[in-house]
Amino acid sequence: MTKPTIRYTTILVAVLATATALGKPVQLDSGLVQGEPLQGTTVQVFRGIPYAAPPVGDLRWREPAAVAPWEGVRSATEFGNICHQGPALAAMIGEDLPTRSEDCLYLNVWTGAIGGETKQPVMVWIHGGGLTLGWGHQRGYDGTHLAKQGVVLVSINYRLGALGFLAHPLLNEEAGVSGNYGLKDQIAALEWVQRNIEAFGGDPGNVTIFGESAGGTSVHALIASPRSKGLVHRGIAQSPWVTGSNYARLDEALPTVGSATENGRQWIDAHFDGIDSLAKLRALGADDLFAAQETGYAVAVTVDGDFMLDHAVDVYRRGGQQDVPVIAGTNTDEGTIFLGLLPFDSPEDYGTAMQEQFGDHASTILNLYPATDTRSLFAAKNQLITDTWFVQNTRNMLAGMAKVSSNGWHYHFSRRAPQAPMLGAFHGMEIGYAFGNLDPDASAHDQGLSDAMTRYWVQFAKTGNPNVEGLPAWPAYDPETDQHLELGDEIKAGAGYRKEAVDALNEIWTAMMAAEPEDSTP
């Protein structure tokens with residue numbers, strides 16, 4: 001009869017320790033921070049903690065620098081500035097656009113573990129937005145529910161657009177490489193986690209990075225980078241955006257995209273006169289840079305020989321990524337919200353566009369994604385985007401897991417939007433389910449699906465395996481069986497999702513990458 005007494009005493013001690021810690025300042029390596037207890041819970045949120053120095057002035061287009069320590073207790077009850085961007089995303093999600101600034105390297109922590117005896121796994125959320133939009137404290141990214149499930153949740157901002165990813169000859173002369181500043185910000189945030197997360201009750205030896213869209217791209221890149229070694233122990237890539245043009249080599253054109261340095265030089269020269277020194281480059285006004293970016297800026301991860309030693313697709317192909325467990329998956333209708341980005345609205349224009357993009361491979365594309373009228377063109381565009389932007393290299397990422405000791409798990413999210421059935425299971429729809437942040441009037445079925453997803457995600461963060469008692473079994477990914485877990489009207493295992501299309505697209509990718517690059521000079 002002593003064991004239950006010991007157990008209840010242990011629980012009581014843990015609860016009392018957590019209650020005592022609520023509202024108390026937390027000591028970081030840079031100073032004390034005071035968060036905010038969330039009413040009716042044991043969760044506290046710490047908002048707007050700086051994890052790197054403001055990347056302004058001479059720190060613009062440099063690796064993130066250390067935060068200057070502060071005296072006294074810093075309030076962490078207000079979210080920090082967000083990085084420079086346009087209003088498009090805020091308008092789409094129905095939120096007010098927060099204050100934008102180059103001074104934007106802040107993170108947020110939700111935790112119910114301060115003062116506890118056992119350190120909890122850490123989940124670090126990396127927002128999406130095409131590497132040009134987004135911020136870590138969008139309404140849908142509230143970490144309260146996940147923190148209640150037994151993890152410490154961190155969300156981050158990182159430099160975006162030209163300020164986060166510009167490669168340029170002047171910057172190369174200074175540092176040997178350029179570009180990837182936003183990704184290096186993510187590394188700095190993960191280093192901050194290693195130094196400070198224990199103060200929030202988190203385990204620095206168990207860190208899961210997860211993100212959607214460009215956040216999934218970031219997970220894809222971070223796990224392929226040697227810079228993440230020891231900082232990342234698991235990864236979840238939700239709809240990672242990986243195409244033939246959003247990875248570019250520093251000084252060498254690819255058949256699908258010019259070199260990052262040349263692309264950056266051309267962009268600066270097209271919008272600004274007389275930029276012949278670093279001083280002039282760094283003196284450009286942030287608003288002027290942003291206005292130029294709004295007219296068109298092709299953001300890309302740079303294969304620079306430093307952060308990214310090789311094209312990440314090739315890294316996964318040979319199993320050269322970090323040997324950590326990975327969940328990766330996509331939604332059925334990733335393309336529906338992007339249809340306007342494909343500049344054709346008739347089957348005839350579609351055929352011409354495919355000929356221009358795919359050349360000798362256009363007929364294969366048109367057979368995979370046929371269109372003869374407006375209705376079939378909608379379906380073709382949706383599936384083309386879904387497969388070529390998201391599904392293809394999600395499966396290739398998972399296939400690379402067969403070359404390391406850690407397992408991968410593949411999911412397919414198929415739940416159609418109840419309020420917008422025309423959009424189907426659209427890009428980003430799974431986020432609310434994975435965070436447990438559905439609308440209060442969501443159906444019992446949707447609440448149940450959300451509960452299952454949060455349990456899978458949290459179990460993966462805890463153990464490196466998403467399988468949890470009481471939910472359908474999730475088979476580990478094997479290229480031979482090509483199995484996945486469908487998350488939709490039912491939760492069930494399946495196999496061969498988009499296999500024929502992905503195999504054909506991989507053959508086209510290989511052929512196109514073997515071709516001679518086009519001359520990218522103006």
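In what follows, every heavy atom counts, from backbone to side chain, and hydrogens, waters and symmetry copies are set aside.
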I'd like to check [X] versus [Y] (side-chain heavy atoms, cut-off strictly below 4.5 Å). Are they in contact?
{"X": "Ile82", "Y": "Leu97", "value": "yes"}
{"X": "Arg455", "Y": "Gln149", "value": "no"}
{"X": "His84", "Y": "Glu102", "value": "yes"}
{"X": "Leu309", "Y": "Val315", "value": "no"}
{"X": "Lys184", "Y": "Pro64", "value": "yes"}
{"X": "Tyr297", "Y": "Leu131", "value": "no"}
{"X": "Thr454", "Y": "His145", "value": "yes"}
{"X": "Met308", "Y": "Val177", "value": "no"}

Does the plane of the ring in [X] sit parallel, tilted or perpendicular to the ring in [Y]? Use 30° and 60° as the thresholds.
{"X": "Tyr456", "Y": "Trp474", "value": "perpendicular"}
{"X": "Phe390", "Y": "His427", "value": "tilted"}
{"X": "Phe435", "Y": "Phe210", "value": "parallel"}

Donor-acceptor contact present, side-chain [X] to main-chain [Y], <3.5 Å:
{"X": "Asn157", "Y": "Gly136", "answer": "yes"}
{"X": "Lys403", "Y": "Gly320", "answer": "no"}
{"X": "Asn108", "Y": "Gly48", "answer": "yes"}
{"X": "Gln194", "Y": "Pro204", "answer": "yes"}
{"X": "Asp185", "Y": "Leu105", "answer": "no"}
{"X": "Tyr316", "Y": "His220", "answer": "yes"}
{"X": "Tyr51", "Y": "Val193", "answer": "no"}
{"X": "Ser450", "Y": "Tyr433", "answer": "yes"}
{"X": "Ser228", "Y": "Leu222", "answer": "yes"}
{"X": "Arg74", "Y": "Ile49", "answer": "no"}

For the residue pair [X] and [Y], what are the closest heavy atoms and their distance?
{"X": "Ile187", "Y": "Phe307", "result": "CG1-CE1, 3.9 Å"}
{"X": "Gly129", "Y": "Ala214", "result": "N-CB, 3.9 Å"}
{"X": "Val67", "Y": "Pro50", "result": "CG2-O, 3.6 Å"}
{"X": "Thr302", "Y": "Ala260", "result": "OG1-CB, 3.6 Å"}
{"X": "Asn393", "Y": "Val242", "result": "ND2-O, 3.4 Å"}
{"X": "Thr217", "Y": "Trp241", "result": "OG1-O, 2.7 Å"}

Could you grab the distance from atom [atom1] of [X] to atom [atom2] of [Y], nearest 0.5 Å is fine?
{"X": "Glu490", "Y": "Leu449", "atom1": "CD", "atom2": "CG", "answer": "11.5 Å"}
{"X": "Tyr497", "Y": "His412", "atom1": "OH", "atom2": "NE2", "answer": "3.5 Å"}
{"X": "Trp409", "Y": "Leu398", "atom1": "CH2", "atom2": "CG", "answer": "10.5 Å"}
{"X": "Leu89", "Y": "Gln138", "atom1": "CG", "atom2": "CD", "answer": "5.0 Å"}
{"X": "Gln85", "Y": "Leu163", "atom1": "CD", "atom2": "CG", "answer": "11.5 Å"}
{"X": "Lys24", "Y": "Ile114", "atom1": "NZ", "atom2": "CD1", "answer": "11.0 Å"}

Steps toward ring pair (Phe, Tyr, Trp, His ring centres under 6.0 Å) verdict (Phe79, Trp135): CA-CA 10 Å; Phe79 291 117; Trp135 56 95; over 10 Å; no
Are Arg416 and Asp489 close enough for a salt bridge, meaning some N to O gap below 4.0 Å?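 Answer for the salt bridge query: no.
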Would you call Lys499 and Asp482 a salt bridge, using N to O less than 4.0 angstrom?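 Salt bridge: no.
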Full working for side chain to side chain contact (heavy atoms under 4.5 Å, CB included) between Leu28 and Trp192: CA-CA 9 Å; Leu28 308 180; Trp192 181 95; 4.0 Å; yes
Could you check Asn246 against Val299 for side chain to side chain contact (heavy atoms under 4.5 Å, CB included), going step by step and ending with a plain yes or no? CA-CA 7 Å; Asn246 70 353; Val299 69; over 6 Å; no
The test is ring pair (Phe, Tyr, Trp, His ring centres under 6.0 Å); show your working for Tyr411 and Trp457 and say whether it passes. CA-CA 11 Å; Tyr411 75 84; Trp457 264 230; 5.5 Å; yes
For residues [X] and [Y], is any side-chain donor paired with an opposing acceptor at under 3.5 Å?
{"X": "Ser239", "Y": "Glu334", "answer": "yes"}
{"X": "Ser218", "Y": "Gln186", "answer": "yes"}
{"X": "Ser101", "Y": "Asp103", "answer": "no"}

Dump the intermediate steps for salt bridge (charged side-chain N to carboxylate O under 4.0 Å, His left out) on Asp310 and Arg317, then the final yes or no. CA-CA 11 Å; Asp310 197 359; Arg317 182 176 290 120; over 6 Å; no
Check step by step if side chain to side chain contact (heavy atoms under 4.5 Å, CB included) holds for Val207 and Leu231. CA-CA 7 Å; Val207 177; Leu231 304 176; over 6 Å; no
[X] pairs by side-chain hydrogen bond (donor to acceptor under 3.5 Å, both in side chains) with which of [options]?
{"X": "Arg234", "options": "Asn465, Thr463, Asn206", "result": "Asn206"}
{"X": "Arg47", "options": "Glu36, His137, Glu78", "result": "Glu36"}
{"X": "Arg415", "options": "Asp446, Asn331, Thr332", "result": "Asp446"}

Working for side chain to side chain contact (heavy atoms under 4.5 Å, CB included), residues Met401 and Tyr477: CA-CA 8 Å; Met401 296 303 298; Tyr477 186 79; 6.0 Å; no
